[in-house]
Every structure is written in C-alpha cells, then in structure tokens.
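Just so it is clear, the structure is predicted and the values come from calculations on it, not from any experiment. Per chain, numbering begins at 1; letters A, B, ... match sequence-line order. FYI, side chains are in, hydrogens and waters are out, and symmetry mates aren't considered; it's all heavy atoms of this structure.
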Amino acid sequence: MKRREFLKTVLDNSVWVILSIFLIFNAFYTPRFFTVLNLRNILIHSSILGIVVIGESLCLLSGHFDLSVESTLALAAVVGSLLVKNGMGIFTSILAMLLSGGMVGLVNGMLIRKVGLNAFVATLITYIGVRGTALGIVEGKTIWNLPPSFCFLGAGTIWLFPVQILLLIGLYGVFHLLLITTRFGRHVYLVGDNQLAARISGINVDRVVVSVFVLSGFLSAFAGLVMAGRLNSASPLFGTGMVFEAMSAAIIGGISLRGGVGSLPMALGGVLLLSSISNVLNLHAVSPYWIQTIRAIMILFAVVLDSLKRRLVRYEE
Amino acid sequence: MLLQLENVSKSFGEVRALENVSFVLNYHEIVGLVGGNGAGKSTLIKILAGVFPPDKGRIYLEGQEVVFRNPKEAHNHGIYTVHQKMEEILAPHHDVTANIFMGEEVTRPLFRSFIPFIKVLAKREMEKEAEEILSRVGIRIDSVRRPIVSYSGGQRQAVALARAIRKKPKILLLDEPTAALGVKEKFQVLRLIRRLGKEEGISIVIVSHNLEEVFEVVDRIVVLRNGQVVGECSPSQATKERVVQMIVGGE
C-alpha cells in the first residue's frame, strides 16, 4: 500500500522526475549544458511556447481542442505591428492585438456552443481562416523594425532577468491559481470531466467554454506580442506548426485529451522538457530533423505512463 | 399529505402513458412504484420531476397547487431526482467533495478586509461539510479527497445520494436506483435509502422492477398497469404473488 502511494506520487509528478533526471544526466555528459547562459536560453526558448500552452491547456482541461492558437498568434503579431508602424500608440496597438486574439476565441466559442460544431472542426476553420487573414492583411510580407518599447516584453530585461522569463513564471502562477482556487477554474475542470453532469448541476457550460476559448485567444495573441518583440519583426507565418508542439507539451505534462485531468505546472514541465531536449540536441549538433522523432517517442512515453497511473487509481474488484 | 396528484393524464401522440392517475405521498413515507414495461412508472416520475407537464390533472405540494415547467422549478420546490445510472451525474476524476458540491461550490473572500470581490473556493469548509453529510447518513468512504474512479459502483451511488441530500430535499425520486449494482452493493444502497427515509425524514418515491428490493425498503406499494393505478398495498400485508398478479393483470 505504501509502495503504491509512493509510485502514484512519482507518476503524478512524472514530468518533473524525468526533467530532473534529464538535467542531471546532461549536466555531466553535455558540455556547456549546465551553464547559467544555457539554462537561461532554455527558459527564453520556452517562454513563447509556454504562454501558448497555457491557453491550449485551458481548452484541453475543459475537454476541447484549440487548433487555432498558432494562427491567432500570427494574426495578433501582424495586426499589432501594422498598427504601431502606422503611427498608432503602443498601448492602443497592444490592446488591439489582444482584442483580435479575444475575438478569434469568441468566434471559436460561439461556433462550438451556439452553432454546435465539434471543437476540432470549429478551430480547424479558424486555424485556416485566421492564418489566411494574417497573410492577407500584409500580403504575405514581414514587417521589420518595430519600436523598442513595443519589443520590451519580448526582448527587454528587468535588472538581470529577461522579461520573457518573468512573464512565463507570472502567467503560469496566475492561471494556475485561477484554475485551482476559483469557482471558474473548478467549473473548467468539471465541464471537461463530465459535461452532462456539469450541466445537470446547474453549471453554465456555454459560459465556461466560451470564456476558456476567449482566454486562449488572449494568451495566443499575447504570445504573438512577445514573439514580435523578440524577433523585432512580425511575419504572418509566425508559429507555423506550433499547435502540435503545444499539444505535445500538454500531453507530456499529463493533461488528458478527454478533459478534466492535469494541471498547468505539469504542462510547464512538458514545455521545459521539450525545450531542454531540443537544446541538448543542438549542443550535440544533432540534425534538427531528428528532433521530431524524439518528440514522438516522448509523447508515446508520456501516454504509457499516464495509462499506468490510471490503472493504479482505478477501483478494482 | 406532502404531495398529491389528482387525475393526472399524459399522452405521447397515440400512446396514453397515464390515465387519470391519482397518487398520494405522505410525510416521511417511502413509496414503491411498480409495474411492467410501459406501465407508466417513468412517466409519472418524470412529471413529478418537472421533465414534462401533465396534459390534464393537478399536482398539490403541501396543499398548494404547483406547476413544474422544468426540472429547475421542481428543484426549487425541494424535489430531486437521482437516476438509474447515478455515475452519469458524477465527475469521475474529481474527488468526493468536488462532486457533492458540484455547481454549488462554497467560496470565501481571499482578503476579507480589502478587495472582498476576489473569491476563492473554501476547500476546508466544503470538505468538512461533505464528511459531515456522509457520516450522518452512514456512508463509509475512506477519504473525501479521493477521486470517484477509485470507488466501487455502490459507493459512487452513495456519493450521488449524498449530493442530493445536501440540497435538503423534501422529496427524493429514485429511478431504478440499484439496477446497475452487484448483490452486496445493492443491499448497502437499499439500507442507505431506508435510512434517508426514516432518519432524515425525506419522503421517497422509488421506481423499480425488482420486487425483492421494493419489499425490503418501502412503506407502501403502488401498482401501475397500462397507465392506471390498479392497486395499492403495504408490504407487510401483501405477498409478492399478490403484487405480481396485480402487475400482470387478470385473476
């Protein structure tokens, strides 16, 4: 019984265990891995994906897919940069960006709850449509040379710390607290776990789902702002393929695709693990083509661990 | 009399599901509704639960006429239904407390003195109340913090019942409450139902196919056949054979 509890605790925190082993192993066997500069690099590399993963995780926890995150990111980056280049104030531009993301989320939520589309189909529509809109607005061109204040969130530092890293930590903290301490957060989990039960007990499922998608849209747009700042440019092709990375990270972190199970810190663990792996492969000068293969193995591994954990908790006759 | 139905009829197209049914439920009484398939048991219970209104007839609750247009209005009058598959109304990966309080979570202000509008879940209070309810009705469960998936079918049903009890119902409608359970668990749940009726003073209507269990718990049996009430008896005075005869009809 004791051993079982211990095993469960380990499996509950599997990402952190694997991440620690991975870090310790590479501290010895990968030259220049365990340096402040490199670790900082990993964190910076994680920040944009990490912010997108928060939104994606919110949707997954409520039992829905959101494929549109990467397109929303590109749209927001393009919209904000275009406005700021055309003489609009920094704050208005940023506000417009975030609103564009929120609008995409609202459309997703409405398509799912009011029109009654499957989340996969609804967000596939916006995934394609929003990317198209982003490309159309700037006719496929990249916008260069953004004002430094606009780039602060993506490239600035506060004392010694890059703003991106602080944002990553701050956002994870805030959203984790939102999920586990508030009624809204509890309802997100409950809707994901058993939507019918949630509805019968008087939870406003429409409101929860639409809010989750709007939040996801806001977060993706915010990630777009950080990305534009880091690269000092905005391209309508930003974040291509990122939705799969985001889902991988969430799954590796133990968030169930069926909804209702998982937590944000674990998803962050997934993000950090993915970034560390690509980092190590880079340091060893492994061809980037292999990264995908390794990522696939990681996901397989995570899913196997997850089913093992479920078997431990389930009631047995 | 807690609840009274007067000449209630309900048709679905050509099918007459209920015909001039009158039915009484007293305070602190457990009534078993029995009958064959299509006798009208479920229709009767759904009318009481506010799922659909009757075509004709009146419903009186504590002497006052009431009309339920939807389940919510029935809830507001203290009438709750627990369905056949109670598990379907539970969130499997959430702990017992979260399930008992689903949709009615208790919150407290994060900082009482300033910014009182930021509210967080009062987890301690909810856990304490959940434990109180469970122990009061004699449901034994190791921990309210463990998820529903880690409990057996009977325990899950018990949690579903505990959730209904927390709402302090006047009337509990149970639709085949033990249909999906094993023998041992069936008796645990039946004992729990009996206890709710006697100690908590909740009036209960049970719909069941299973005469054994009806005889085990109810104070009165009402037999329906072809949408009509064809007989009433108390389990201490009638034999099962007599009830079966009423269910199938003929002499």
Side-chain angles (χ1 to χ4, degrees), chain A residues 1 4-5 8-9 11-12 60-63 173-208 254-263 266 306-317, chain B residues 49 51 70-72 75-76 80-83 85-95 97-110 117-124 126 141-143 145-156 159-160 163-164 166-167 181-182 184-185:
Chain A
M1 199 63 205
R4 201 178 153 131
E5 297 283 302
K8 195 182 159 289
T9 320
L11 287 174
D12 270 340
L60 288 176
L61 285 174
S62 76
V174 168
F175 278 92
H176 181 54
L177 287 179
L178 178 76
L179 276 177
I180 62 158
T181 65
T182 67
R183 261 186 99 160
F184 171 74
R186 173 64 64 82
H187 289 176
V188 170
Y189 273 98
L190 286 170
V191 166
D193 203 1
N194 188 345
Q195 201 180 101
L196 178 71
R199 203 184 62 222
I200 291 175
S201 4
I203 293 173
N204 188 339
V205 178
D206 285 358
R207 205 175 60 195
V208 171
I255 290 184
S256 162
L257 286 185
R258 281 191 231 133
V261 180
S263 79
M266 299 284 286
D306 194 52
S307 72
L308 195 69
K309 187 169 78 193
R310 266 154 213 259
R311 225 168 295 162
L312 268 183
V313 199
R314 179 145 298 154
Y315 170 80
E316 282 152 38
E317 304 279 328
Chain B
V51 177
N70 54 48
K72 187 126 198 171
H75 289 182
N76 293 342
Y80 286 91
T81 316
V82 179
H83 294 277
K85 288 185 193 143
M86 301 193 205
E87 295 182 32
E88 281 180 3
I89 58 162
L90 297 176
H93 298 104
H94 282 76
D95 63 18
T97 311
N99 271 285
I100 290 179
F101 285 86
M102 193 191 298
E104 296 182 1
E105 291 84 1
V106 180
T107 54
R108 61 177 171 80
L110 181 56
F117 51 86
I118 298 182
K119 290 199 172 139
V120 294
L121 295 171
K123 289 185 182 160
R124 284 272 168 70
M126 285 197 278
I141 257 173
D142 331 343
S143 164
R145 292 188 183 172
R146 270 176 50 193
I148 295 296
V149 281
S150 68
Y151 288 109
S152 71
Q155 286 168 318
R156 292 178 199 188
V159 172
R163 187 165 110 189
R166 197 189 72 83
K167 299 178 180 174
L181 295 181
K184 197 177 147 209
E185 301 197 312

Given heavy-atom pairs under 4.5 angstrom as the criterion, report whether the side chain, backbone, both or neither of [X] touches chain A.
X         : value
Pro147(B) : side chain
Lys72(B)  : neither
Ala122(B) : neither

For this session: Flag the pair Leu190(A) / Glu105(B) as yes when at least one side-chain heavy-atom distance between them is below 4.5 Å, and no otherwise.
Result: yes
Exercise. Quick one: does Ser201(A)'s side chain get under 4.5 Å of Arg163(B)'s, heavy atoms only?
Worked result: yes
Problem set entry | Pairing residues for Phe175(A) by the ring pair (Phe, Tyr, Trp, His ring centres under 6.0 Å) criterion, not counting sequence neighbours | none
Problem set entry | Any residue meeting side-chain contact (heavy atoms from CB on, under 4.5 Å) with Thr9(A), in chain and number order, not counting sequence neighbours | Asn13(A)
Seminar exercise, completed: For Ile200(A), the side-chain contact (heavy atoms from CB on, under 4.5 Å) test, sequence neighbours excluded, returns Leu196(A), Ile89(B)
For this session: Taking atom NZ of Lys123(B) as the centre, report whether more than 12 heavy atoms of other residues, nucleotides or ligands fall under 6.0 Å from it.
Result: yes
Problem set entry | Choice from His187(A), Arg199(A), Gln195(A), Arg186(A) maximising heavy atom contacts with chain B below 4.5 Å | Arg186(A)
Problem set entry | Neighbours of chain B found in residues 176-184 of chain A - heavy atoms under 4.5 Å | Ile180(A), Thr181(A), Thr182(A), Arg183(A)
Problem set entry | Nearest non-hydrogen partners of Pro92(B) and Asn194(A), listed with the distance | CD-CB, 4.2 Å
Exercise. What closest approach, in Å, do Ile203(A) and Met102(B) show between heavy atoms, and which atom pair accounts for it?
Worked result: CD1-CG, 4.1 Å
